[in-house]
Protein chains: 2
Amino acid sequence: MFSRTVEYAMRAMVALAAGDGRPMTTRQIAETMKVPQSYLSKVLQSQVRAGLVHSTRGLRGGFVLARKPEDLNMMEILNAVSPYKRIETCPLDQEGHSSDLCPLHSRLDMAMAMVQEAFEGTTLAEILSEDNPCPTLQAQLETLKPSMPDPKS
Amino acid sequence: MFSRTVEYAMRAMVALAAGDGRPMTTRQIAETMKVPQSYLSKVLQSQVRAGLVHSTRGLRGGFVLARKPEDLNMMEILNAVSPYKRIETCPLDQEGHSSDLCPLHSRLDMAMAMVQEAFEGTTLAEILSEDNPCPTLQAQLETLKPSMPDPKS
DNA sequence: CACTAATCAGATAATTATATCCAATTTACT
DNA sequence: AGTAAATTGGATATAATTATCTGATTAGTG
């Protein structure tokens, strides 16, 4: 149901939220989250354009969350890569400006509304705080952290 | 969120359910539901293969629902054109056979579960019985019925 | 100031989804 | 039997998504 792009965006944002405050590179995120690296950069660019992430170029650069994980929800992440278009008017009734949807599209939109609500109500912080994290994710993050800033001192 | 194919499939099935028992042709359905005719035939073939619709060829042929609208739900229609794959295992943890999902994918799957439940719980009959049908759909169906079998008598 | 690590942006390729077209087949009616 | 109406299936075209690559840009380091 959700596109691969959405999947990747969510994974990347979780990775960022799971890190310490320092910028993470696309390579780090890609390896941790098993996302094609060069596609990830596109996905992250969307997050930057949407203002959810800050990017800094150059050495020691990378991506950092623009806000605290507590007020960054799943809906914003999804919207950044593929705008969520609720069904406003019945596509079968292009002329009528009546605000009501037909029963079919009312149902379809209701499903979308449920998803929207669920996603809006779930922050990155909430995702991180749960007690059954991906074992792989945990392990990867452990090994990545120490090996990162190592200017021979 | 839902692909165009899914949209078309739902529209077509509603059109069939709204008709009298006689077979409807792709052209009738396409015009009523504003779906590209030649693509609709592919969509309907999926419904036939899934056993939701019966097709009869030749003159006076067309498509008929295989079951009563009361026990044909939205989920079956969706599944016929694009199988709904719930998230069974965390894609980040390919090795572990642990049945638990990580918090992220648990959320994603939960959203899918909600949609699935909503769709499974909504039959074509229910959609037809609601009191705010598409004006266009109503009108089209009215005009189509009388003008159909008209061999110059 | 040059070098290097890193993102950014644009071009391009590959894959999938959407849509159309046409020949073959089936069926009913005259 | 012959013809018109209809689905079926295959081939093909177009558009959107997904993915990769390459050069340009930026920032830190010595």
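Lettering of chains follows the sequences in order, A, B, ..., and the numbering in each one begins at 1.
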Look at the rings of A:Tyr39 and A:Tyr8 and say which category their plane angle falls in: under 30° parallel, 30 to 60° tilted, over 60° perpendicular.
-> perpendicular
What is the distance, rounded to the nearest whole Å, between atom CD of B:Gln28 and atom P of D:dA6?
-> 8 Å
Counting heavy atoms from C-beta on, name the nucleotide in D:dT18, D:dC21, D:dG9 closest to the side chain of A:Ser3.
-> D:dT18
Where the side chain of A:Tyr39 is defined as all heavy atoms beyond and including C-beta, which of D:dT18, D:dA11, D:dT7 is the nearest nucleotide?
-> D:dT18
Given atom CD of B:Gln47 and atom P of D:dT7, what is their separation to the nearest angstrom?
-> 15 Å
Counting just side-chain N and O atoms, does A:Thr5 come under 4.0 Å of either OP1 or OP2 of D:dT18?
-> yes
Would you indicate what B:Thr25 reaches in the nucleic acid, counting non-hydrogen atoms under 4.0 angstrom: base, sugar-phosphate, or nothing?
-> sugar-phosphate
Grab the CZ-P distance between A:Arg22 and D:dA27 for me, whole Å please.
-> 21 Å
Phosphate oxygens OP1/OP2 of C:dT18: is one of them under 4.0 Å from a side-chain N or O of B:Tyr8?
-> no
Checking D:dT8, C:dG10, D:dC21 against the side chain of B:Phe63 (C-beta onward), the nearest is D:dT8
Donor-acceptor contact present, side-chain A:Gln47 to main-chain A:Ala80, <3.5 Å | no
For B:Ile29 and D:dA5, what is the distance between atoms CD1 and P respectively, to the nearest whole Å?
-> 18 Å
From A:Met24 atom CE to A:Glu31 atom CD, the distance as rounded to the nearest 0.5 Å | 10.0 Å
Rounded to whole Å, the CG-C1' distance (B:Leu40 to D:dT7) equals 12 Å
Among D:dT8, C:dT7, D:dG9, the one nearest A:Arg57 by side-chain distance = C:dT7
Please tell me which of A:Ser41 and B:Thr56 maps to the more 5' nucleotide of DNA chain D, matching each residue to the nucleotide holding its nearest heavy atom.
-> B:Thr56
Atom NZ of B:Lys42 and atom C1' of D:dT8 are separated, to the nearest Å, by 8 Å
Per atom distances to the B:Leu59 side chain, the nearest of D:dT7, C:dC29, C:dA19 is C:dC29
Please work out if B:Ser55 contacts a base, only the sugar-phosphate, or nothing of the nucleic acid, heavy-atom cut-off 4.0 Å.
-> sugar-phosphate
Could you tell me the separation between the CD atom of B:Gln37 and the C1' atom of C:dC21, rounded to a whole number of Å?
-> 12 Å
Give a yes/no answer on whether the side chain of B:Thr26 brings an N or O atom under 4.0 Å of OP1 or OP2 in D:dT7.
-> yes
Could you tell me the separation between the CZ atom of A:Arg60 and the C1' atom of C:dC3, rounded to a whole number of Å?
-> 15 Å
Does some side-chain heavy atom of A:Thr123 sit less than 4.5 Å from a side-chain heavy atom of A:Lys68?
-> no
Give a yes or no answer on whether the side chain of B:Asn79 reaches the backbone of B:Tyr84 with a donor-acceptor pair at less than 3.5 Å.
-> yes
What nucleic acid atoms does B:Gly61 come within less than 4.0 Å of, heavy atoms only: base, sugar-phosphate, or nothing?
-> sugar-phosphate
Under 4.0 Å between a side-chain N or O of A:Arg4 and OP1 or OP2 of D:dA19?
-> yes
For A:Glu120, does the CD atom have more than 12 heavy-atom neighbours from other residues, nucleotides or ligands under 6.0 Å away?
-> yes
Distance below 4.0 Å between B:Gln45 side-chain N/O and D:dG9 OP1 or OP2 = yes
